[in-house]
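Naming convention: chains lettered A, B, ... in sequence-line order (proteins, then strands); numbering from 1 in each chain. These numbers were taken from a predicted model, which means no experiment stands behind them.
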Amino acid sequence: MASPYNPVEIEKKWQERWAADRLYEVSEDSPKPKYYALTMFPYTSGDLHIGHWYAMAPSDVQARFKRMQGYNVLHPMGFDAFGLPAENAAIKHGIHPYKWTMDNVENMRRQLKTTGAVYDWRREVITCLPDYYKWTQWLFLKLYHVGLAYRANAPVNWCPKCQTALANEQVAGEGVCDRCETPVIKKDLEQWFFRITRYAEELLDMSHIDWPEKIKLMQTNWIGRSTGADIDFPMEKPTAGQKAIRIFTTRPDTTFGVTFMVLAPEHALVPYLTTPEQKAEVEAYIAKARRATEVERTTAEREKTGVFTGSYCINPVNGAKVPVFIADYVLPTYGYGAIMAVPAHDTRDFAFAKKFNLPIPVVISPLDWDGQPLAGAYTEEGVMVNSGPFNGMPSLECLKKIPAWLEEKGWGKYAVTYRLRDWLVSRQRYWGAPIPIVYCEKCGTVPVPEKDLPVLLPPDAEFKPTGESPLKYHNAFVNTRCPQCGGAARRETDTMDTHMCSAWYYLRYTSPKYDKGPFDPKAGKYWLPVDLYTGGAEHAVMHLLYARFFARALRDLGLLDFSEPFKKLFNQGTIIYQKAKMSKSKGNVVNPDDYVNTMGADTIRTYLMFVGPWEQGGEWMDNGIIGMNRWLHRVWNLIEEPYAEKAVSPEAEKELLHRTHQTIKKVSGDIERFRFNTMLACLMEFTNHLADVREAGSVAQASWKNAISTLLKLLAPTAPHLTEELWQRFGGPYSIHNQPWPSWDEGLAREEEITLVVQVNGKVRDRISVPATVTEDAATGLAMASDRIKPYLNNRKPKKVIYVPGKLVNIVV
RNA sequence: GCCGAGGUGGCGGAACGGCAGACGCGGCGGACUUAAAAUCCGCUUCCGGCGACGGAGUGUGGGUUCAAAUCCCUCCCUCGGCACCA
């Protein structure tokens, strides 16, 4: 009698055996081609939930599939361990962030091991440990030395709850903190930035990477390239050592229609342009704008507000005197924080002009029926009017002509602007990699020398959010010696954005113990870049953009010889439970451990891959997983119970062979395309057929063995423990995971007998079985001769007969 | 508002110009059992019919085609991203 399927027991057994045999350890000295399959590492938030499994299990299937296909596969795992949640938990529960994080690491590592994935744990990377963040700091200094890291005083996004500055990418939705959803405010701070904008143009080129169009589009929009012109509008009374106000416009064709200028309230020239009479009003407006959160500034959006500075500019193209306003609808951080307003051809300027009773002259006109400019109508594009030498020209043409003309005259030039801003990396919090900089009264800003790295995070800081880094109050940390002159100096007390840690972690996996640099160049040369990167789409603009920027920066530093870190990207969807995203606060989280201890990891893995297409996500249903457990039991019994020949027939032999090859083909293609749900449906159909064959005993013992051997190999990436156990019981050589992936024979996979659908006027009226090699004449002949078709023909000659080989015959009467 | 993805049985989904509903869940019926669970077998889109069968049907309305869930246009809804970017 066959023994029952006991997943809990066999999973534990094989996990121990694989570890003992170092089955999944990989090195660079393999004759096989390399394949680097990377899954986004988890944040050390506490427990592994089913969402993590949803990310990890299918990517492990991919990695295992590639292994069986003969690749040397690196599929590493680690932890994104610095960041606010650890610190918040520390404040809330009085546990040190280090302890909280490392306890979580231990728990999550244990849980990750229960998935049965092929991770080579010798390569684990934990970003909060000194032997990792030493290199994060080292990379910071590299960027600093080439001017890619700089310090500047700027208005930054500030979360009043988290008490820290945030990068633009971390401001979510309508101006709220990515982490805690508190409305973000603007604050002037001296901060460290990475000059990602230097790579804006290059980052737009995604033609050489195999990424989802959606993600490429999101990055493109985030970078936000606009073309137009820079134009200098001379001030009526030059001030602050400047002769003109510079603006950027995407519509240089409308320059003759400018009736006023608007500066952002934060614009540097505002105090100089403001006349004494206007001073009180302007200052009140600025104060109000500063207090406003981004949310208030954007939701109060409909009504335009602003104040006249009292000053004027001259429009260089026509000498018109135009008043200068300040208004918060002009953003300080885009272009030059100043615009030329053309109310006739811009809805925002129009609204402002209406409110302040400013003239609205039309400079681009649609054409009437006689091809003449239609007076007084507003339009986006048309023919130029009231535009001096350009009158009568198509406006689209002037989009290029006017910038050239401006340049000739010395008033402006063709220009490109990006929405992307430099990446703010300073955080006024404790739990992050310290920025390796020292401030000396004599020498100024001094980088910490490489030999002094890492700048260790002191374990005994008071990590209470005060709006300043807790390190600032840690005297032993702050007070140091200047590396240059040896005099007294102070350390930078801000820490780095955790995205800095994750921007390069994939490099460290190639040689995690290497101590002469962030990674061993030899190992890097072998493994890099990443062949397949999988993870959630929530990282579309933050992490993925930062990582692409980093790779380019390191390339220019001579550390890497490629620009794109991730050749192929795949984003899985979200797994939901009870119709909602899983969240601890809602209490709708599925704990995988409960299932690991009952149905086993193989069932969880298989079920998660079955709920729907991976990129679309899916719904966890408590009784859905029962079906999958049932199926694995059926597979077990199918193979465990001895097979007996009863009535062997050549037809059944042929059919089984055909089905086997068809299944290999379908399963291989589906894994390649990440369609795990249909892969499993196909394997289920195959097992259903095998159950029929077993019942009938209709094939020879050897054919049966061949079929189940194939089934096991096809299922091995998905259910690694179950298949290993059955493979061993069945007498296969250890390990099934070292077996080559089955190949298929096109001829055997192809159908010999096909069902042709016979339609009359597009409606299915019959189905006929014909050999796959049937000719058109034979097929249509058979169709017309069918008893079920004849009545519809009514002895008439069909108007038309459409024949689609292998599919159907459609008779039009 | 703009950009993107999606809307198919009681449910998750399959098919992505050519048999709509593969596969699974649930439901119904049956076998086994003293009984239940488990397991196995059959049925299961809706309407009409005892039945063979006929009709309708893939968010809405239109179009292209011999043929549309699939392609094109209109509108509605859900989810994701961006949002005064000049």
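- Looking at heavy-atom distances under 4.0 Å, A/Asn623 makes contact with sugar-phosphate atoms alone, never a base.
- The A/Met218 side chain lies nearest to B/G81 when the options are B/G81, B/A86, B/G12.
- Between A/Asn677 and B/G12 there is no side-chain N or O to OP1 or OP2 distance below 4.0 Å.
- Within the 4.0 Å cut-off from OP1 or OP2 of B/A56, at least one side-chain nitrogen or oxygen of A/Lys763 is found.
- For A/Glu201 and A/Arg225, the salt-bridge test passes: some basic side-chain N is under 4.0 Å from an acidic carboxylate O.
- Map A/Tyr792 and A/Ser226 each onto its nearest nucleotide of RNA chain B; the residue landing nearer the 5' end is A/Tyr792.
- Which of B/C66, B/C19, B/A86 sits closest to the side chain of A/Leu331 comes down to B/A86.
- At a cut-off of 3.5 angstrom, the base of B/C84 holds at least one donor-acceptor pair with the side chain of A/Lys304.
- Out of B/C19, B/G24, B/A86, the shortest distance to the side chain of A/Thr755 is found at B/C19.
- Judged by the 6.0 Å and 45° rule, A/Arg548 forms no cation-pi pair with A/Trp423.
- Contact annotation: A/Tyr334 reaches the phosphate of B/A86 (side-chain N/O to OP1 or OP2, under 4.0 Å).
- Nearer the 5' end of RNA chain B, as judged by each residue's closest nucleotide, is the contact made by A/Asn688, out of A/Asn688 and A/Tyr336.
- A/Asn571 has no side-chain polar atom (N or O) that falls below the 4.0 Å cut-off from OP1 or OP2 of B/A5.
- Classification of the A/Phe325-A/Phe260 ring pair by plane angle, with boundaries at 30° and 60°, yields perpendicular.
- A salt bridge links A/Glu303 to A/Lys355: at least one charged side-chain nitrogen sits closer than 4.0 Å to a carboxylate oxygen.
- For the pairing with A/Arg251, the side-chain hydrogen bond (donor to acceptor under 3.5 Å, both in side chains) check across A/Thr254, A/Thr255, A/Asp253 returns one residue only, A/Asp253.
- Its glycosidic angle being more than 90° from 0, B/G10 falls on the anti side.
- The side chain of A/Arg634 sits closest to B/C40 out of B/C19, B/C82, B/C40.
- Taking every side-chain heavy atom of A/Pro613 into account, B/A14 is the closest of B/C84, B/G55, B/A14.
- The same atom, C1', is picked in B/C40 and in B/U33; the two are 13 Å apart, to the nearest Å.
- Note on A/Arg675: a side-chain N or O is less than 4.0 Å away from OP1 or OP2 of B/A14.
- Comparing B/A86, B/G12, B/A20 by their closest approach to the side chain of A/Val764 singles out B/A20.
- No hydrogens or angles considered: a donor-acceptor pair under 3.5 Å links the side chains of A/Asp622 and A/Tyr595.
- For the OP1/OP2 pair of B/G4 and a distance below 4.0 Å, the side-chain nitrogens and oxygens of A/Lys214 include no atom meeting the criterion.
- In terms of phosphate contacts, A/Arg788 brings a side-chain nitrogen or oxygen within less than 4.0 Å of OP1 or OP2 of B/C53.
- Across B/C76 and B/U60, the matching P atoms stand 15 Å from one another, rounded to whole Å.
- Here the separation of B/C75 from B/A69, taken at their P atoms, is 22 Å to the nearest Å.
- Nucleic acid contact class of A/Gly224 (heavy atoms, under 4.0 Å, all strands): none.
- The interatomic distance linking A/Gln616 (CD) with B/G80 (C1') rounds to 13 Å, in whole Å.
- Nearest to the side-chain atoms of A/Arg765 among the listed nucleotides B/G12, B/G55, B/C66 stands B/G55.
- Closest to the side chain of A/Val804, from the set B/A15, B/C3, B/G18, is B/G18.
- Nucleotides B/A20 and B/A56 are separated by 12 Å at their P atoms, to the nearest Å.
- OP1 and OP2 of B/G24 both lie 4.0 Å or more from every side-chain N or O belonging to A/Arg630.
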